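Only this structure's heavy atoms are used, side chains among them; waters, hydrogens and symmetry mates stay out. Being a predicted model, the structure only gives us computed values, none of them experimental.
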Amino acid sequence: MASPLASCARGQVQIVRFLSNSAALCKRAAPLGPLPNEQFEGQDVESLEKYRSFTRYYRVAEKEQKKLHWWKSFKQYQEAGKVKIPLDEVRAEWEKSSGPYGIQRVAEHYGVYKDLFGEATFVPRVTLRVHYRNDEEGLLPVYYGNVVAASEAFAPPEVTFEAEEGSLWTLLLTNPDGHLRETESEYVHWLVGNIPGSQVLSGEEICHYFPPFPAKGTGYHRHVFILFKQEGPIDFKDELRPNPCHSLKLRTFKTIDFYRKYEDNLTASGLAFFQCRWEDAVTQVYHQLLNMKEPIFEYDRPPVYHPRQVKYPYAKPLRYLDRYRDTEEPTYGIY
C-alpha cells in the first residue's frame, strides 16, 4: 500500500493524494523448496571460502549439478504436456511437515478443543487413519469434519497409526453434541486403553463401541476420535463399563475430567472427527439398543408479528389490510 503524499501552503487547502500500486498488493506463493544459493543469503561475499582454482570450482559445480533439486524434479512427472502429481507422496510429505498445524486449525474452527479441553489445545503429531467398512463403497474414511451417515458408522471402524514397538496408547471416541440432559457433558462411544503399538484390537476395551444416535431435530453432531500416548500401563478400573453398555447414564462422559485424572500418564497425540445427523436408522438404535422412546426436537415458531393497524394507510401495498383479517383464509403476497 502506497504511503500518502501531502502538500500544504499558507492560505491554501491541504491536498492529500494516495498512490496505489497493484504490485504491492500481490502476494507471491512460497517456493516449493530452497532457492538456488539460498545458503549464502545474508553472508558477506568476501568472507566466503574461495575455490582458488578453476579445477576445484568445476569439480564442485559438477557435483552440485548431479543433485536432484525441486526445480528439476518436476520434469519427471510430465507426460504428453500434462503433469502427473503423486498424491500419496504429497500427502505423506504434508503429514510430516505442515499437516498437524492444518488439522489443529480445522479442529479449532469446529470448536473441538473448546468443547473437549476448554482453553487448551494440542498439535496432532500422530496421523490417525480411521475407516468405516461399507459394503457398497468399500472403506469410508474419516478425515477432519466430513459427513458420515449413522448407518455407515454402525460397526466399529478400522483404526491405524504409526507407533513405536513397545509403546502404549489410548483411543477415545466421544460425542460432545449429543447429551440429552446435560449440555456440558458428552457421550462416550468407544474407549480402548493400553493398546500395544498400533494393534487396537489387542487393547483393553474399557467401553465397547456404540453407533451414533443424533436426535431428530438437533442437526449435525461431531464425533471425535482422540489418540493418547501413554507413559506406561494404566489401570482403568474406574472407567470400566459393562459389556454391553446400553445405558446413557453410564456413557455420560467428560474428556477434560478424564484427561485431568490421567494427565501424568497421557499425552494427546492424534485427532480425527466426522459429522453425523439423524436418519431413519437412528430410530432403530433408540428402540432396539437403548430401549427408549426416541426424542424429537421441534422448533415452536412464535406467531407472526404485525404492527398496529393504521387507519389511513399511505404508500402501503395494495393488500395491506389482508394481514388484519379475522379469518383462517390464507393470504398471498409478501408483507
Side-chain angles (χ1 to χ4, degrees), residues 100 103-104 106-107 110-118 120-132 142-145 148 153 155-163 167-179 182 184-213 221-245 247-248 250-276:
I103 299 172
Q104 182 186 23
V106 172
Y110 279 92
V112 173
Y113 294 121
K114 181 180 178 181
D115 293 337
L116 297 184
F117 297 97
T121 62
F122 68 93
V123 179
R125 297 288 183 181
V126 180
T127 303
L128 191 61
R129 297 179 177 85
V130 183
H131 294 85
Y132 282 99
V142 173
Y143 295 117
Y144 313 104
V148 176
E158 300 177 4
V159 181
T160 58
F161 53 91
E162 296 182 2
S167 59
L168 294 175
W169 305 79
T170 296
L171 180 65
L172 169 67
L173 172 59
T174 181
N175 176 10
D177 302 320
H179 207 283
E182 304 174 15
E184 300 296 328
S185 297
E186 313 156 24
Y187 283 134
V188 55
H189 284 259
W190 200 21
L191 183 57
V192 184
N194 296 317
I195 301 173
S198 60
Q199 302 175 5
V200 178
L201 299 179
S202 301
E204 177 187 356
E205 193 171 49
I206 304 167
C207 182
H208 78 96
Y209 181 83
F210 198 82
F213 52 95
H221 289 206
R222 297 162 297 172
H223 292 73
V224 187
F225 291 88
I226 301 179
L227 182 67
F228 298 93
K229 186 175 183 180
Q230 301 178 194
E231 298 296 331
I234 300 178
D235 186 6
F236 290 109
K237 63 179 180 180
D238 295 337
E239 312 297 333
L240 194 63
R241 268 79 168 177
N243 190 1
C245 179
S247 171
L248 294 182
L250 294 177
R251 286 189 175 269
T252 299
F253 187 80
K254 284 188 177 182
T255 303
I256 184 65
D257 294 342
F258 174 78
Y259 177 71
R260 285 174 177 170
K261 185 175 181 180
Y262 303 100
E263 62 180 343
D264 294 336
N265 296 315
L266 290 179
T267 302
S269 304
L271 175 70
F273 64 97
F274 67 92
Q275 299 183 84
C276 183

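Looking at heavy atoms from C-beta onward, Leu173 lies in side-chain contact with Tyr209 at the 4.5 angstrom threshold. Contact check for Glu186 versus Leu116: side-chain heavy atoms found under the 4.5 Å cut-off. Leu250 is listed as a side-chain neighbour of Pro242, based on a closest heavy-atom distance under 4.5 Å. For the pair Val159 and Trp190, the minimum side-chain heavy-atom distance is below 4.5 Å. Side-chain contact check for Arg241 versus Phe253: some heavy-atom pair is nearer than 4.5 Å. Counting only heavy atoms from C-beta outward, the side chains of Val200 and Phe161 approach each other to under 4.5 Å. Between Asn243 and Glu205, the closest side-chain pair of non-hydrogen atoms falls below 4.5 Å.
Interatomic distance, CG of Leu172 versus CG of Leu227, reported as 10.0 Å (0.5 Å rounding). In this structure, CG on Leu168 lies 8.5 Å from CD1 on Ile234, to the nearest 0.5 angstrom. Here the CD1 atom belonging to Ile195 is positioned 6.5 Å from the OG1 atom belonging to Thr170, to the nearest 0.5 angstrom. Remark: Cys245 SG to Arg251 CZ distance equals 4.5 Å, nearest 0.5 Å.
Partners of Tyr110 according to the side chain to side chain contact (heavy atoms under 4.5 Å, CB included) rule, which considers only residues two or more places apart in sequence or in another chain, are Val106, Val112, Phe273, Gln275. Under the side chain to side chain contact (heavy atoms under 4.5 Å, CB included) criterion, Asn175 pairs with Asp177, His189, His221, His223, not counting sequence neighbours. The ring-ring contact (aromatic ring centres under 6.0 Å, His included) check on Tyr262 picks up Phe236, Phe258, with sequence neighbours excluded. With sequence neighbours excluded, the residues forming a side chain to side chain contact (heavy atoms under 4.5 Å, CB included) with Asp235 are Lys237, listed by chain and number. His179 is linked by a ring-ring contact (aromatic ring centres under 6.0 Å, His included) to Tyr187, counting only residues two or more places apart in sequence or in another chain. Residues forming a side-chain hydrogen bond (donor to acceptor under 3.5 Å, both in side chains) with Ser185 (at least two apart in sequence, or on another chain): Glu182. Applying the side-chain hydrogen bond (donor to acceptor under 3.5 Å, both in side chains) criterion to Asn194, with sequence neighbours excluded, gives Glu204, Gln230. Scored by the salt bridge (Lys or Arg N to Asp or Glu O under 4.0 Å) test, Arg129 finds Glu95 as partners (sequence neighbours excluded). Partners of Tyr132 under the ring-ring contact (aromatic ring centres under 6.0 Å, His included) rule, at least two apart in sequence or in another chain, are Phe274. Partners of Pro124 according to the side chain to side chain contact (heavy atoms under 4.5 Å, CB included) rule, which considers only residues two or more places apart in sequence or in another chain, are Ile103, Gln104, Tyr113, Phe122, Leu271. Residues meeting the salt bridge (Lys or Arg N to Asp or Glu O under 4.0 Å) test with Glu158, sequence neighbours left out: Arg133.
The salt bridge (Lys or Arg N to Asp or Glu O under 4.0 Å) analysis of residues 255-273, with sequence neighbours excluded, yields the pairs Asp238-Lys261, Glu239-Lys261.
Between Gly193 and Ile206, the shortest heavy-atom contact is N-CD1, 3.9 Å. Of all heavy-atom pairs spanning Cys207 and Val188, the tightest one is SG-CG1, 4.2 Å. The shortest non-hydrogen separation linking Val224 to Pro176 is CG2-CD, 4.4 Å. Summarising the geometry of Ser198 relative to Ala163, their closest heavy-atom pair is N-CB, 4.0 Å, with the distance given to 0.1 Å. Scanning both residues, Tyr259 and Leu266, for their nearest heavy atoms gives CE1-O, 3.6 Å.
Under the 3.5 Å distance criterion, the side-chain polar atoms of Arg125 are left unmatched by any main-chain donor or acceptor of Ser269.
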